Amino acid sequence: MPKEAATIVFETKKVTKVYHMGEVSVHALRGVDTQFFEGEFVVLLGRSGSGKSTLLNILGGLDLPSEGEVIYRDRHMADFDENELTRYRRDHVGFVFQFYNLIPSLTARENVALVTEIARDPMKPEEALELVDLGNRLDHFPSQMSGGEQQRVAIARAIAKRPDVLLCDEPTGALDLNTGVKVLEALQSVNRELGTTTAVITHNAIISDMAHRVITLSDGRIESVHTNDTRRLANELNW
Amino acid sequence: MSPLHRKLFRDLLQMKGQALAIAAVIGCGIAVFIGAQTTLKSLSAAREAYYDRYRFPDVFSSLKRAPLSVVDRIANLPGIATVEHRIVEGVTLDLPDLDEPAVGKIVSLPDRGTPRLSDVHLLKGRLPEPGRTGEILAEEAFVDANGFEPGDQIRAVLNGRLQTLTIVGVGLSPEYITTIQPGSMFPDDLRFGIFWMRRRQMEAAFDMEGAFNDVVLSLMPGANEDEVIRQLDLLLDDYGGLGATDRDLHLSHRFISDELKQLKTMSIIPPSIFMSVAAFLLNVALRRLLTLQREQIAALKAFGYYNREVGAHYLQLVGVIIAFGAVFGWLLGTWMGQSMTGMYASFYRFPKTVFRPEFGVYLTGAIISFTAGMIGVAAGVRQAVAIPPAEAMRPEPPPTFKPSLIERLGWHRWLNQAPRMILRELTRRPAKAMLTTLGIGFACAILIVGNFGKDAITYLIDFQFGLQERHDATVQFHEAVPQRVLSSLQSIPGIIRIEAFRSIPVRLRHGARSRQTSISGLDENRELFRLIDSDEKLVNLPESGVVMSSQLAKILDLKLGDTVTVEVLNGQRPVRNAVVSGMVDDFSGTAAWMRREALHALMREGPVISGAYLQIDPEHEAAAYRALKEAPMVAGVTLQKVAVQSFMENFAENLLRMRMFNVAFASVIAIGVVYNSARVSLSERSRELATLRVIGFTKAEVSRILLGELAFLTAMAIPVGFLIGSGLCRFISKALETELYRIPFVLNPSTYAFAAAVIAVAAVLSSLIVRRGIDHLDLIAVLKSRE
Ligand SMILES: Nc1ncnc2c1ncn2[C@@H]1O[C@H](COP(=O)(O)OP(=O)(O)OP(=O)(O)O)[C@@H](O)[C@H]1O
Ligand SMILES: [Mg+2]
């Protein structure tokens with residue numbers, strides 16, 4: 001349980017992000033100041049277009065802010081060049097995307113192996129798939145699996161390298177209730193058992209009951225931060 | 001195997017049709033390269049070894065007659081390593097199975113041993129014995145063509161005396177790798193042969209005791225060849241020297257050098273076409289793949305794969321395709337090289353031709369294909385891996401369509417929906433449409449280039465023997481004879497027309513430039529031997545002055561009206577001046593002509609003649625030829641028409657083989673391009689096409705949209721191919737131009753038609769393959785997938 005004294009993993013200071021598309025510029029983030037702590041499970045809420053994905057991408061080193069500072073454990077990410085960003089992603093970050101982004105020509109095991117190959121201290125792919133309860137689907141191709149199963153492979157792929165942070169962009173967005181719960185259970189157990197700092201974007205406010213903290217974004221700014229006194233388990237959520 | 005490698009092989013398997021098509025194009029390019037290069041290396045190595053082992057000379061000179069003491073004086077000239085003297089004489093042959101007269105050349109062998117230069121290679125039988133009359137060694141080409149064996153006898157006229165000669169052996173010489181009668185365009189092995197006889201027998205037959213009339217030299221390393229030639233000419237001037245020449249003017253040497261030059265061109269131009277097309281195909285195929293895998297690339301990058309690792313992954317994929325092509329090309333090229341070397345080995349007479357698959361050639365082939373392929377895809381890969389992963393996660397924005405020009409002009413009212421979609425698609429990506437057109441155009445061009453040789457040579461022969469040299473035979477007299485000798489020819493039945501000529505060996509000089517040739521004196525009214533420009537206009541001989549082929553004028557740097565020095569190389573060897581009064585822009589040779597009276601005047605001689613052009617009635621051919629064999633004063637008869645016919649038969653056979661190769665190669669390119677671009681279009685537009693199917697379009701209607709686009713591009717490509725093809729032919733005709741001949745730039749309409757037909761068939765074939773793809777479009781899967 002992160003307390004006030006817990007270590008800060010991420011800190012953002014006045015982070016803005018402007019996309020230029022021809023003559024129009026879209027202000028996706030308009031000055032975000034926030035912190036993420038070691039081992040915590042954060043849910044990011046907000047309307048469509050409020051900047052959630054943009055923030056998560058910046059934290060994950062997929063994108064750089066237009067202005068402002070992002071600090072990952074004392075390191076200023078705004079100064080990273082392309083190679084340093086890649087190295088950062090390779091060594092520290094696990095991603096789960098809304099649309100899974102599995103390699104269709106690789107089996108579940110191979111999709112996970114793709115990441116464990118280049119990680120410093122990875123689990124075995126089988127072990128990671130076991131964690132998400134897919135130990136019996138090792139050699140199936142993405143096209144032979146349901147959406148929820150594919151998302152769990154994506155989670156296994158993200159956690160297999162034992163990342164320091166796990167960033168999930170709408171991991172349940174495309175899933176029904178039961179499968180969504182299964183995916184969330186997997187995330188929760190990774191957070192609990194491996195102590196991985198986890199941030200999850202969702203449109204589903206009920207999911208925020210699982211979180212230590214809930215950050216709500218609106219129009220590129222932080223609207224509110226809410227700390228849950230009691231958290232629910234994933235399978236206790238009712239929607 | 002790492003997961004990325006697995007992905008690579010599964011991706012390849014997925015696109016196996018395209019990968020195979022591209023590998024085939026690469027393979028053909030490498031095959032032609034390897035085939036031409038290995039043949040080139042094999043032939044030049046065979047020639048090198050032959051020249052070396054059998055001591056091919058560096059300098060050659062004929063003369064009238066010199067005592068053997070002159071040989072030492074020649075040997076003392078600076079820079080000379082070895083001198084070999086010999087007696088070389090022409091003979092007419094009477095072959096039992098042949099109505100037409102045949103001719104030969106007899107070369108003396110030293111009485112003991114073998115020549116120091118231009119040694120003979122004994123294939124069968126033995127060398128002639130110095131003491132035995134009438135023993136000869138015969139050159140293999142003649143022996144093969146006539147089916148002789150050692151022990152066979154032939155009748156020949158030596159110095160006016162009929163003699164029976166016995167073939168005791170069959171041999172080869174580096175001087176006669178191909179045997180072409182001087183003044184002829186093609187080898188005619190049936191009617192022209194080379195023979196060797198011991199010196200003692202030659203001396204007796206030709207009254208040449210203690211003398212020689214031909215000398216060949218080899219030079220010391222670093223010797224100044226031009227200087228040697230100058231000094232030798234000076235020395236032989238007193239003995240009727242006909243002018244020394246280097247290897248470049250040696251007939252057999254030159255023929256093979258030209259062949260090697262052609263092989264070199266062949267190893268450059270077609271492979272360049274193949275490689276450009278392959279680079280383009282790889283570019284298109286890979287760009288499509290990269291678009292399809294945009295999100296996979298993003299995911300790989302998000303997980304911490306470096307750009308270079310992702311890039312390398314795709315380059316490896318390309319590398320595998322190229323490697324397949326290269327290996328296929330190596331195998332096919334080796335086979336081509338072997339069969340081409342074999343073909344040349346049967347045409348050119350070497351003691352030994354070893355096919356030399358040099359490692360360097362294979363390596364170069366591979367490097368060329370990898371370079372071309374990588375150039376084709378580098379930009380696409382770099383661009384694809386450079387996009388920020390966050391960006392790549394977002395689906396690509398839908399393509400922007402604009403109304404096409406035709407629509408803006410309002411013509412679309414005449415078009416219904418399908419052509420409209422085709423038009424928009426084409427105008428949306430004009431670069432791709434253009435490159436596709438260009439690719440198919442290149443296939444078409446290859447076919448045109450492939451038939452160019454046939455068109456050019458057929459034209460050349462029609463020109464040379466239909467317009468210019470229309471006689472059936474040329475007779476050559478032993479010496480300049482009085483005109484009345486013609487009457488003995490006139491009485492021969494079957495001879496329809498006789499036109500006499502005077503021919504004088506000369507060296508033409510202009511400033512520092514000089515050239516050995518002959519001047520022919522011709523009568524004013526001629527039907528048989530005419531001078532024709534390359535634009536097929538008749539050139540008349542002016543009353544005075546000398547007319548020369550423009551090629552010769554170029555060599556001598558002469559313009560109309562210039563004065564040229566004529567050094568006569570026989571008789572009193574006078575040196576005279578003549579004005580260049582005309583030029584003939586013909587295709588072959590470096591000859592010069594004058595009115596016969598003008599030539600007589602220049603020579604200050606009476607009306608004597610050297611030979612005559614004959615037109616022979618085909619009905620009485622055999623009788624006429626038999627009579628010619630016995631005619632007095634006749635030193636030799638050349639049968640142009642017969643030689644051309646036998647050449648054309650041989651040529652047609654080789655042509656058929658080359659044509660098959662060309663059709664195969666062009667089809668590979670055409671099918672490769674059409675199939676590839678159809679696959680890519682199908683993949684890009686599967687969603688659109690599936691939607692059309694779902695809303696009720698039939699398979700046929702949907703196919704029409706996709707294939708209509710290809711039909712349109714193919715139709716555009718054919719004229720483009722005509723242009724590229726004719727441009728290439730023009731270039732090749734320039735590139736292959738030598739001093740001896742020019743290749744006319746002619747392409748028959750049938751060549752264009754043939755190319756267009758092959759391309760159309762190839763396009764239809766590949767459309768049928770793609771059509772199957774459209775028929776099997778999985779509607780649900782396509783529409784469900786997110787793109
Ligand atoms: N690459 C881009 N180019 C231009 N505009 C962008 C880009 N990425 C995001 N935007 C814009 O930035 C704003 C924030 O986008 P973001 O994806 O962060 O929203 P979000 O909160 O994740 O929304 P959603 O819940 O729909 O995923 C949006 O207006 C979006 O259109
Ligand atoms: Mg989002």
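Keep in mind that what you see is a predicted model, and the values were worked out from it rather than measured.
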Heavy-atom contact with chain B under 4.5 Å, split by part of A:Tyr100:
neither
Does atom CZ of A:Arg47 have more than 12 heavy-atom neighbours, drawn from other residues, nucleotides or ligands, at distances under 6.0 Å?
no
Measuring heavy-atom distances to chain B, does A:Asn57 have an atom under 4.5 Å in its side chain, in its backbone, in both, or in neither?
side chain
Between A:Ile118 and B:Phe303, the two heavy atoms sitting closest are CD1-O, 3.7 Å
A:Thr54, A:Val112, A:Ile103: which one forms the most heavy-atom pairs within less than 4.5 Å of chain B?
A:Ile103
B:Glu295 versus A:Phe97: any side-chain heavy-atom pair under 4.5 Å?
no
Taking the side chain from B:Arg6 and the backbone from A:Leu106, do they hold a donor-acceptor pair closer than 3.5 Å?
no
Between B:Gln14, B:Gln293, B:Lys301, which has the largest tally of heavy atom pairs under 4.5 Å with chain A?
B:Lys301
Within a reach of under 6.0 Å around CZ of B:Phe324, are more than 12 heavy atoms found that belong to other residues, nucleotides or ligands?
no
With a cut-off of 6.0 Å (strictly less than), are more than 12 heavy atoms of other residues, nucleotides or ligands near NZ of A:Lys182?
no
Would you say CD of A:Glu67 has more than 12 non-hydrogen atoms from neighbouring residues, nucleotides or ligands within 6.0 angstrom?
no
Identify which part of B:Leu300 has an atom lying under 4.5 Å from any heavy atom of chain A, answering side chain, backbone, both or neither.
side chain
Distance-only side-chain donor-acceptor flag, A:Arg90 / B:Tyr305, under 3.5 Å:
no
Please report the shortest heavy-atom distance between B:Lys7 and A:Ser105, naming the atom on each side.
CG-OG, 3.5 Å
Please indicate whether A:Asp74 has more than 12 foreign heavy atoms, meaning atoms of other residues, nucleotides or ligands, lying under 6.0 Å from its CG.
no
Pairwise salt bridge (Lys or Arg N to Asp or Glu O under 4.0 Å) hits with a residue in residues 163-172 of chain A, at least two apart:
none
Residues of residues 307-317 of chain B under 4.5 Å from chain A (heavy atom pairs)?
B:Asn307, B:Glu309
So what's closer than 4.5 Å to chain B heavy atoms on A:Arg87: side chain, backbone, both or neither?
both
Do other residues, nucleotides or ligands put more than 12 heavy atoms under 6.0 Å from B:Met434 CE?
no
